[in-house]
Every structure is written in structure tokens, then in C-alpha cells.
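Atoms considered below: every heavy atom in the structure, side chains included; atoms not considered: hydrogens, waters and symmetry mates.
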Amino acid sequence: MLKKAFEKLKGSMNNEKSVRLIVLGGVAGLICILLSSWIPDSEKKTDESMMQATDNSGLPEESQRYAGILEERLEEMLSQIDGVGSCRVMITVSGSVSYSYAQNAEQQFSENSREVKSQHVILDEKTGDSALIECAKNPEVIGVIIACEGGEHNVVREEIISAVGAVLDIPSNRICVTKKISESGY
């Protein structure tokens, strides 16, 4: 059957018009390939939207919000410690929020094998979106700097380092406490 098709194709290739059509088809294919490089990919659009959702630090907006909330809460709490006074806190984080989704798993056993099928639990089956989040893990805190009025006193500094280390579960070498400059600048 293939042999007949090749013979028919070979017979039709003998005239000049057929050869021109094949060459023209090849050129059209090359033009399509070249034009496809100018059409934006959906992946490029996703990368662009992620870049728009980041600020100058390069972290996603959600991570920056998380760090901001931690900073506000720490400032409020640390200013309540005796000797600290007013303070400013800056927290650096690494990564972004990661989610773990709930799954339904089914096991099927046969004589020689075991098969496990799992799929995400979907909250709204009509639209097919909104998977059930089982766990959300916040970005990792990698460093903290605190500028406070009592930052020059060793006792106050040690209390701050101890409190921040306990709250954020980070080692003391990632916590910096310093004296805050006075409002007048001296």
C-alpha cells in the first residue's frame, strides 16, 4: 500500500508544477516557524505577571506582606520590653508561601501489584478550581535587624535577641540589635 502511494507521488513529481508546490510549502513552513518566535508564550506572560507582583527585593508581594506583618508585631511587642523604648524592625525572608493541597487516595491491589491513585480535593466541582489547602508554609525568616533607643545597653540587647530568637525560631547570629538615632539626628 505504501509502495503504491510512493509510486503515485513519484509520478506526480515529474511535472514542474508539483515541484514548485512542494518548494512553496517548505518556504511557507519556514516562515511559520520564524513567525512563531514573535508570538508570546503563556509562560512568558506568567513570568511577567510574577515580576509585576514583586517589588525591588525580587520577592513576591505575598512574602513582603508577611515580612511587613511580622515587623509590625515585633515592633509593638519589643517596645513593651523595659529599656527598649521606641524601635524599628526590618525582617528579611527567603522564598515565598508554599501550599500543600489535600488529596483523595485510592489503593487498588491485584495479585502482583499495588496501584495508588490520588487526586486533589476540589471545593467547587462546577468550575473545577479552588483545591483544598491542607497546609500553608510561610517564607523562611533569614535575618532581623532592630534599631531601638536602648540598643546600646548589653542587657537590653540580650533580652531582645532572646525574645526575637524565640518568636521567629532563628539563631542569635541572624539577629542584629543596634542603637536607634534620636529624632533630632544626634
Participant: Hey, is CG on N173 packed in by over 12 heavy atoms from elsewhere, all under 6.0 Å?
Facilitator: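 Yes, enclosed.
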
Participant: For E152, does the CD atom have more than 12 heavy-atom neighbours from other residues, nucleotides or ligands under 6.0 Å away?
Facilitator: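 More than 12 heavy atoms, drawn from other residues, nucleotides or ligands, come within 6.0 Å of this atom.
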
Participant: What distance do D82 atom CG and E159 atom CD have between them, rounded to the nearest 0.5 Å?
Facilitator: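 Nearest 0.5 Å value for the CG-CD distance: 7.5 Å.
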
Participant: Can you tell me how far CG of L70 sits from CE of M90, rounded to the nearest 0.5 angstrom?
Facilitator: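 It is 13.5 Å, given to the nearest 0.5 Å.
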
Participant: Give the intermediate values and the outcome of side chain to side chain contact (heavy atoms under 4.5 Å, CB included) for residues S86 and K180.
Facilitator: CA-CA 8 Å; S86 72; K180 181 179 178 184; 3.1 Å; yes

Participant: Looking at S63 and V93, what are the two nearest heavy atoms and their distance?
Facilitator: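 Looks like O-CG2, 4.0 Å.
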
Participant: With rounding to the nearest 0.5 Å, note down the distance linking CE in M77 to CG in L74.
Facilitator: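 Nearest 0.5 Å value for the CE-CG distance: 9.5 Å.
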
Participant: Is it the case that the side chain of T92 and the backbone of G143 share a donor-acceptor pair, with hydrogens and angles ignored and the cut-off at 3.5 Å?
Facilitator: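 Yes, T92 side chain to G143 backbone: donor-acceptor pair under 3.5 Å.
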
Participant: Hey, could you give me the CD/CD1 distance between E149 and I181, rounded to the nearest 0.5 Å?
Facilitator: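 CD1 of I181 is found 11.5 Å from CD of E149.
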
Participant: Indicate the atoms forming the closest heavy-atom contact of G151 with V177, along with that distance.
Facilitator: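 Residues G151 and V177, closest heavy atoms: CA-CG1, 4.3 Å.
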
Participant: Compare every heavy atom of I161 with every heavy atom of I175, then report the nearest pair and how far apart it is.
Facilitator: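 Heavy-atom minimum between the residues: CD1-O, 3.6 Å.
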
Participant: Taking all heavy atoms of E75 and all of R88, pick out the closest pair and write down the distance.
Facilitator: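 Closest pair (atom of E75, atom of R88, distance): OE2-CA, 3.6 Å.
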
Participant: V141 and side-chain contact (heavy atoms from CB on, under 4.5 Å): which single residue from L168, V167, V164 fits?
Facilitator: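 The passing option is L168.
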
Participant: If you compare all heavy atoms of E140 against all heavy atoms of R174, which two are closest, and at what distance to 0.1 Å?
Facilitator: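 Heavy-atom minimum between the residues: OE2-NH1, 3.8 Å.
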
Participant: To the nearest 0.5 angstrom, please state how far the CD atom of E71 sits from the SG atom of C87.
Facilitator: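 E71 atom CD to C87 atom SG measures 11.0 Å (nearest 0.5 Å).
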
Participant: Minimum heavy-atom separation for S94 to I142, with atom names?
Facilitator: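 Reported closest heavy-atom pair: CB-CG2, 3.7 Å.
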
Participant: Do C148 and I160 come within less than 4.5 Å of each other through their side chains, counting heavy atoms only?
Facilitator: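 Touching, per the 4.5 Å side-chain cut-off.
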
Participant: Just verifying a value: how many Å separate E158 CD and H153 NE2, rounded to the nearest 0.5 Å?
Facilitator: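 The distance works out to 14.0 Å.
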
